[in-house]
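Take a look at the structure below.
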Amino acid sequence: MILFWLILIPFLGGMLCWHSERWGEQAPRWIALATMLFVLAVSVVLWAGGDFSAYGTGERPWLLEWRVPWIPRFGIEIHLALDGLSLILIALTGFLGALAVLCSWKEIVERVGFFHLNLLFVLGGVVGVFLALDLLLFFLFWEVMLVPMYFLIALWGHSGSPGQTRIRAATRFFIYTQASGLLMLVAILALVFVHYTNSGEITFSYDALLNADVPDNLSFWIMLGFFIAFAVKLPAVPFHGWLPDAHAQAPTAGSVDLAGILLKTAAYGMLRFAIPLFPEQSQAFAPVAMALGVVGIIYGAVLACGQQDIKRLIAYASISHMGFVLIAVYSGSELAIQGAIVLMVAHAFSSAALFILSGQLFERIHTRDMRRMGGLWGRIPVLPGVTLFFLAASLGMPATANFLGEFMVLFGTFRSAPVVVVIASAGLVLGAIYSLLMMQRVHFGREQQPGLLAGPDVREYGMMLALIGLTLAVGLNPQPLLDTTASMVRPVADLFMAGPVRAGGMN
Amino acid sequence: MMMAATLLSFLLPLAGAIVLGFSGGRLGPRASAAIGVGSVGLAALATAWALLTFSGDSQGFTLWTWVSVGEFQPTMGVVVDRLSLVMMSIITGVGFLIHLFAVWYMVGEAGITRFYAWMNLFVFSMLVLVLADNLLLLFLGWEGVGLCSYGLIGYYYQNEANGRAAFKAFIVTRTGDVFLALGLFLIFVELGTLDIGLVLEQAPRVWAEGSVTANLAALLVLGGALGKSAQVPLHTWLPDAMAGPTPVSALIHAATMVTAGVYLIARLNGLFLLAPDVMWLVGIIGALSLLLAAFAALAQTDIKRVLAYSTMSQIGYMFLALGVGAFDAAIFHLMTHAFFKALLFLSAGAVIISCHHEQDLSRLGGLWRKLPVAYAGFLAGGASLVALPLVTAGFFSKDEILWQAMASGHYGLFAAGLTGAVLTGLYTVRLILGIFHGQPRSDHARHPRPGTSPLRHHLPLAILAVLSTFVGAWLYPGLEVVFPPPPDDATNAGHTLFQFLATGAVLAGLALAGWLFLARRRWLDAKVGRGLGARLWILFNRAWGFDALFDRTLVRPWQALVRVLRFDFINLGMNLPAVIARLCNAGLVRSQDGQLRTYAKVMVFGATVILVGLVMTQGGGA
Amino acid sequence: MTGIPMEHGLILAVILFSLGLAGLMLRRSMLFVLMSLEVMLNAAALAFVVGSTAWNQPEGQAMFLLVITLAAAEASVGLALMIQLYQRFRSLELHEVSRMRG
């Protein structure tokens, strides 16, 4: 039941926010903040009280489970389940949701209530995605998180250069994700029908479909449907077109959620659905997926170097980082998948921080164009140092969580695909190039205008300290995190190992 | 007891860095300096304490397990043995003196808190690097010193050129670091551990001597060492790194960080001994670097660039020693070099500040009477640099290196080392004469403001000057227990003859320099002014054109690639469906003219066609 | 039921339908377009009645009732719209009222 409430609370909070607008402008903000902190608190309590060593095998596969029939005729039920990975990601959602509310405290002044309604609906949808086990329910939440995101970009976004309006970006985001969602629906239905013809039972249940006996020629296409749906969301090159536009045009809170959480749903989907449902096909497909990951790492990094807009730079950097995740997920190594989870968490922190920082910069100098910046180190207290910290994190400086994630991925993958690792390692240099280029253009150099700008206030300082602390904590002692997810990751890695031995693969 | 001292030695600078870093500009310059210098001073005391209580055996201490997934179990652990103690003493001892001097040097600069925060963080990272008991933690320190170097080179951030120098330094060393990272992946996959002790234990069991994998692993580690230690071909960042404040150059780009590569190879000696081909390459690269850099140092006009190339040249000697298997000699030279090069840099800093930030040789001159302390520093450091026989520390360590090279039969390397010794004499004499003798060549040089503070200015220089003499050489404990025996272990025959030879080379270099720069000055200037001499000057001044080469082959193609890809053409491909949809739209929109009658007509026409079609098919069927 | 053969009734329905269709396509005034629609509906209704008498089936009559109800509803809505349009545009010429431009 607690799982159901985890999903419902953000939606209820959202409705409340909308209505509370009449009580004053601050009311929706406090309500939204309280809602997200509640989600965070619940997940932390669950984490503290949970025992993560035992489940995962045998009779207790889930830490918490809740299932009631929904549309029995089609075998659809509301089946929610929680394991270590979902718990970590839900806690992340709660934390970044609270940050998103905080960072838009001053940025959003119009239709405050409706803004927070959309924000909380996105987050509610994400929590649903992380909990749903029934495939139709999963699809439902997958779609639910898109629509409010569309409104966030379209209504509160920035219109950048001519031809790059927020409506356009929002539409593009919507079409990409909607089309990919459709592919996933088709794949789900195909899977269900295959299972129906085999067993005479219509069901969308995860457990039942895990053992569905799909004919070989068809199963590859169904797997591809799932893969493309998730690859668009990750995003993997060549399906990345929506991300830079959406990030550049979205309000800060939208970017934070998009980079911090929404991208993670894709990797989660791969780990939870695409690979367990089709282990052998995934294994056969792994070389292609890894190649896409490598291309994403290099291509995203090269493009990041060529951007003038700070947020576009961070967006392309995200594509580069997600390439590591894609490699890891398809490497079939426990170490690499654990690394991918660390990297996901790390990327959530660092990219959220960088987006918040660029939002704070925008509030002060009213531009995101790096050609019009320079010499800000002397003009703004504290923030440049914080920026350097998170850029260092993003380029994989040891002691930050990003380093650990990337290196675990590379260590884990090296055994099965050394060539991939060698090429991906070039991404470490390229990551340094775009990160430091940004530092160089924004904070170093001659001051373009004289005069001091305001330093961070308590709210901004607090957000940054929390993010710095968490990045370092995960980077220096990730073991609690790894222990939580271990029992989820190990079976996935075993699935890869259990299948037929890959012939040569990438090496 | 000793572990507590060790912990203190690196936690104190970290605490200093954290306090300074998070102070948010609330600390005044005095408080910042007190914290910055104090923490390193206390760290030096802690190191001394550790030295006193050191029992002779290596001791390990694990703080916590960093990650534990399957075999992958790097820890947060330190291990103290003689080698790390030597490194610790250099880092905290020389580091403290440089911090102290920096108080004098940096007085009145803006952002002084940032300076000390970076410096303290650097000391911490460097200590982690030398104390780490596993390669991943070593990599943490390794990257940490790189980041601090970046922050400090770009300390005067308002000048674009400094930012570019910092950027270049970071990227070039990072390139090397990626090789090191790949080396770590290979070592982990092959040996199943990252613990340095276990790696050295396992490597000979798993790899045969000279096997491809062993060579590859050593080669990749060497890549990392080359980047950090500014050896050919990853050396181009070091001269530009002189954009940072001079104490930074002394600490990071002379005494400690750039020697990290030497430390790494020495630490992983067992791995390198399995890869004789790579060892040979190490020696070759060392010889090449020492010669190239020595020639380049001859033709620089900036004091600090002369010293930078000199540093690169001296690290070349250390690599040469490593290459012939004389690890002990390499670390010995690392230590004496830390003393005398720090002294030279600090003396150069004293000159620069006294002469109102003038560091161009062609605008200095005649300062020896006005800046006696700096002059003394330069003389002591310079003598040690050229390895003046018997009285200087540099003589003993360089002598050891060259002797080992000769004794092991590497005559080519030995010859390169001797040539380097002559060249060292040449550029050192040119530097000292250029700064302190002759006529002052600018107003800045005519009216210097000599440093007067005995504690912050005289004391560090004096201590380092003493350490640059034979006293410094006595301090070296000898690391025979840590390293495999050097090649000459058995025989000592011919050592005396060899020493005469080496001394001869040094004296010849000095004599040649005296003759050229004092007696034949005009002739030399005329030669360098035109023709072949001018061309050679340009070649040396640009350090053999490596920068231009990399600019053409790497930087510009890269920039072109970035420019081309800026439009994200893969994404344009994904727009294809949108383009098709728009074309269809443009075509079909013509049929919609908004007239109801037209629609009715089209409808009737369509209905008729369907009806007729139905009738035809039905009729055909019937 | 003799006298009028089914064919005649159907032919009449066809003629009425064609007239209505021609009016729909050719007239410009909205009033006549509406009237043409009514004529077409009635033609169809006639065909139903003729069919039901010929085969002695009651469904045709029922359909007829449905059709005239529909016709009445359509006429009332259409006329109401037409009045509104006339008040706005002061014209019943279809091409003048048209706002659809592809």
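Fair warning: this is a prediction, and the values are worked out from it, not measured in the lab. Atom set for the values below is all heavy atoms of this structure, side chains included, hydrogens, waters and symmetry mates excluded. Just so it is clear: chains get the letters A, B, ... in the order the sequence lines come, proteins before strands, and each one is counted from 1.
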Query raised in the report: So which bits of residues 137-153 of chain B come within less than 4.5 Å of chain A, counting non-hydrogen atoms only?
Result: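 Hits under 4.5 Å: Phe139(B), Leu140(B), Glu143(B), Gly144(B), Leu147(B), Tyr150(B).
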Counting only heavy atoms closer than 4.5 Å, note whether [X] contacts chain A via side chain, backbone, both or neither.
X: Arg114(B); value: side chain
X: Val178(B); value: side chain
X: Leu194(B); value: side chain

Top contributor to chain B contacts, counting heavy-atom pairs under 4.5 Å, from [options]:
options: Gln440(A), Arg446(A), Gln338(A), Gln307(A); result: Gln440(A)
options: Tyr176(A), Phe414(A), Trp242(A); result: Phe414(A)
options: Val382(A), Thr413(A), Leu303(A), Leu388(A); result: Leu303(A)

Report task. Using a strict 4.0 Å threshold on nitrogen-to-oxygen distance, state whether Glu71(B) and Arg415(A) make a salt bridge. Result ->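 Yes, charged N to carboxylate O under 4.0 Å.
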Can you name the closest pair of heavy atoms from [X] and [Y] and give their distance?
X: Gln158(B); Y: Glu447(A); value: NE2-OE2, 3.1 Å
X: Leu476(A); Y: Trp66(B); value: O-CD1, 3.1 Å
X: Tyr157(B); Y: His443(A); value: CD1-O, 3.9 Å
X: Leu428(A); Y: Arg174(B); value: O-NE, 3.4 Å
X: Phe444(A); Y: Gly163(B); value: CD1-CA, 4.3 Å
X: Phe167(B); Y: Ile433(A); value: CE1-O, 3.6 Å

Query - Heavy-atom check, side chain of Phe188(B) versus side chain of Leu335(A), under 4.5 Å - result: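 Side chain of Phe188(B) against side chain of Leu335(A), heavy atoms only: contact under 4.5 Å found.
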**Report entry** Ile570(B)/His240(A) under side chain to side chain contact (heavy atoms under 4.5 Å, CB included): CA gap, chis, key distance, verdict
**Finding:** CA-CA 9 Å; Ile570(B) 294 187; His240(A) 63 281; 4.1 Å; yes
Could you look at [X] and say if it's the side chain, the backbone, both or neither that has a heavy atom under 4.5 Å from chain B?
X: Ala392(A); value: side chain
X: Val429(A); value: both
X: Val422(A); value: both
X: Pro478(A); value: both
X: Leu430(A); value: side chain
X: Arg490(A); value: neither

Query raised in the report: Under 3.5 Å, side chain of Arg566(B) to main-chain N/O of Gly306(A), donor-acceptor pair present?
Result: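 Between the backbone of Gly306(A) and the side chain of Arg566(B) there is a qualifying donor-acceptor contact (under 3.5 Å).
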Report task. On the 0 to 90° scale, with breaks at 30° and 60°, tag the Phe411(A)-Phe72(B) ring pair as parallel, tilted or perpendicular. Result ->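 If you compare the ring of Phe411(A) with that of Phe72(B), the planes turn out tilted.
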Report task. Identify the residues of residues 393-404 of chain A whose heavy atoms come closer than 4.5 Å to a heavy atom of chain B, ordered by number, or report 'none'. Result ->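 Within residues 393-404 of chain A, the residues under 4.5 Å from chain B are Leu395(A), Gly396(A), Met397(A), Pro398(A), Ala399(A), Phe403(A), Leu404(A).
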Query raised in the report: What distance separates Leu220(B) CG from Ser425(A) OG, expressed to the nearest 0.5 Å?
Result: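 Between Leu220(B) CG and Ser425(A) OG, I get 10.0 Å after rounding to 0.5 Å.
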Query raised in the report: Between Asp177(B), Thr65(B), Leu561(B), Leu182(B), which shows the greatest number of heavy-atom pairs under 4.5 Å with chain A?
Result: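 Result: the option with the highest number of such pairs is Leu182(B).
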